[in-house]
Q: 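Here it is: the structure, laid out below.
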Amino acid sequence: MAQAALKNDGGAQRGPLVRIMPWGQAVRWQLPVLMANTQVRFAKQVHEMLTAQGVQIGHSRVHELVTQAPARLTIEVQFALCRIFDCTPSDLWLDLGQAGTEHEPDQAARQRLRSAKVVRAGELL
């Protein structure tokens, strides 16, 4: 995840629950908030509820969903979470607005990438 300083209520917002989209939009994963509102404390409880909904998902994946914003989320899991926590898909994400990057990309690194030679499988250097 790209590190970014977000202007929201005058403060910088960062962390594993914030995801910066490629177009600069910042969103916060709200699953921990929904869990707290329904007094669900553990990823194991979420895993049991997802299994009861018929979703086959591993314990480690559920732990990741609870502790960090997912890069990818299947529709099956998303709608199961909505049924479990009685919410809509838009309740799973909080829009934080546009994000500004903390630093500019290193120009020397960018130049090295441009001059790199592409090698196809089976070719020798």
Side-chain angles (χ1 to χ4, degrees):
M1 176 174 85
Q3 294 293 323
L6 305 177
K7 305 274 192 238
N8 188 23
D9 299 331
Q13 306 257 341
R14 295 184 180 93
L17 296 175
V18 175
R19 175 139 328 261
I20 310 300
M21 298 295 138
W23 54 90
Q25 189 72 25
V27 291
R28 175 175 296 169
W29 180 236
Q30 292 292 100
L31 182 59
V33 174
L34 295 171
M35 289 173 60
N37 289 342
T38 57
Q39 298 181 357
V40 175
R41 296 181 59 202
F42 303 106
K44 182 178 181 180
Q45 293 171 293
V46 176
H47 183 263
E48 290 168 355
M49 289 186 259
L50 285 169
T51 302
Q53 290 284 325
V55 176
Q56 300 301 317
I57 188 169
H59 291 283
S60 61
R61 179 68 176 129
V62 174
H63 177 71
E64 288 175 8
L65 287 174
V66 171
T67 59
Q68 59 190 355
R72 294 183 193 98
L73 187 63
T74 65
I75 292 176
E76 178 185 23
V77 172
Q78 179 177 326
F79 282 99
L81 289 171
C82 289
R83 286 190 304 271
I84 290 167
F85 294 106
D86 192 29
C87 66
T88 64
S90 63
D91 294 331
L92 290 172
W93 297 96
L94 175 64
D95 184 2
L96 298 175
Q98 288 294 108
T101 59
E102 290 179 344
H103 66 282
E104 289 296 317
D106 181 20
Q107 294 300 323
R110 182 174 283 175
Q111 187 59 35
R112 284 192 307 272
L113 281 173
R114 286 185 183 139
S115 63
K117 180 182 176 195
V118 176
V119 179
R120 291 184 177 82
E123 287 184 7
L124 297 176
L125 294 175

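All figures in this text were calculated on a predicted structure; none of them were measured in a lab. The figures here come from the full heavy-atom set of this structure, side chains too, leaving out hydrogens, waters and symmetry mates.
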Q: Report yes if some heavy atom in the side chain of L65 is under 4.5 Å from a heavy atom in the side chain of L73; otherwise report no.
A: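 L65 reaches L73 side chain to side chain.
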Q: Identify the heavy atoms of P70 and R61 that sit nearest to each other, and give their distance.
A: CB-NH2, 4.1 Å
Q: So does K44 get a backbone contact from the side chain of H59, meaning a donor-acceptor N/O pair under 3.5 Å?
A: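 Pair absent, no side-chain N/O of H59 close to backbone of K44.
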Q: Within this structure, what is the CH2-CG distance for the pair W93 and L17, rounded to the nearest 0.5 Å?
A: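 So the gap between those two atoms works out to 9.0 Å.
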Q: Please find the pair of heavy atoms, one from C82 and one from P89, that lie closest to each other, and give the distance.
A: SG-N, 3.4 Å
Q: M49, L81: one ILVMFWY side-chain cluster at the under-4.5 Å cut-off?
A: yes
Q: Give, for atom OG1 of T88 and atom CZ of F79, the distance between the pair rounded to the nearest 0.5 Å.
A: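 If we round to the nearest 0.5 Å, T88:OG1 and F79:CZ are 9.0 Å apart.
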Q: To the nearest 0.5 Å, what is the distance between NE2 (H63) and NE2 (H47)?
A: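 Rounded to the nearest 0.5 Å, the NE2-NE2 separation comes to 13.0 Å.
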Q: When rounded to the nearest 0.5 angstrom, what is the spacing between CZ in F85 and CG in L31?
A: 5.0 Å
Q: For the hydrophobic clusters of this structure (ILVMFWY residues joined by side-chain heavy atoms under 4.5 Å, transitively), does one cluster hold both V66 and V27?
A: yes
Q: State whether the number of non-hydrogen atoms from other residues, nucleotides or ligands found under 6.0 Å of R41 atom CZ is greater than 12.
A: no
Q: How long is the straight-line distance from CD1 of I84 back to CG of L50, given to the nearest 0.5 Å?
A: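 CD1 of I84 is found 4.0 Å from CG of L50.
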Q: At what distance, to the nearest 0.5 angstrom, does OG1 of T67 lie from CH2 of W29?
A: 11.5 Å
Q: To check you understand the geometry: which heavy-atom pair defines the closest contact between A69 and R19, and what is its length?
A: O-NH2, 2.7 Å
Q: Under the side-chain contact (heavy atoms from CB on, under 4.5 Å) rule, what do Q30 and D91 come out as? Steps first, then yes or no, please.
A: CA-CA 7 Å; Q30 292 292 100; D91 294 331; over 6 Å; no
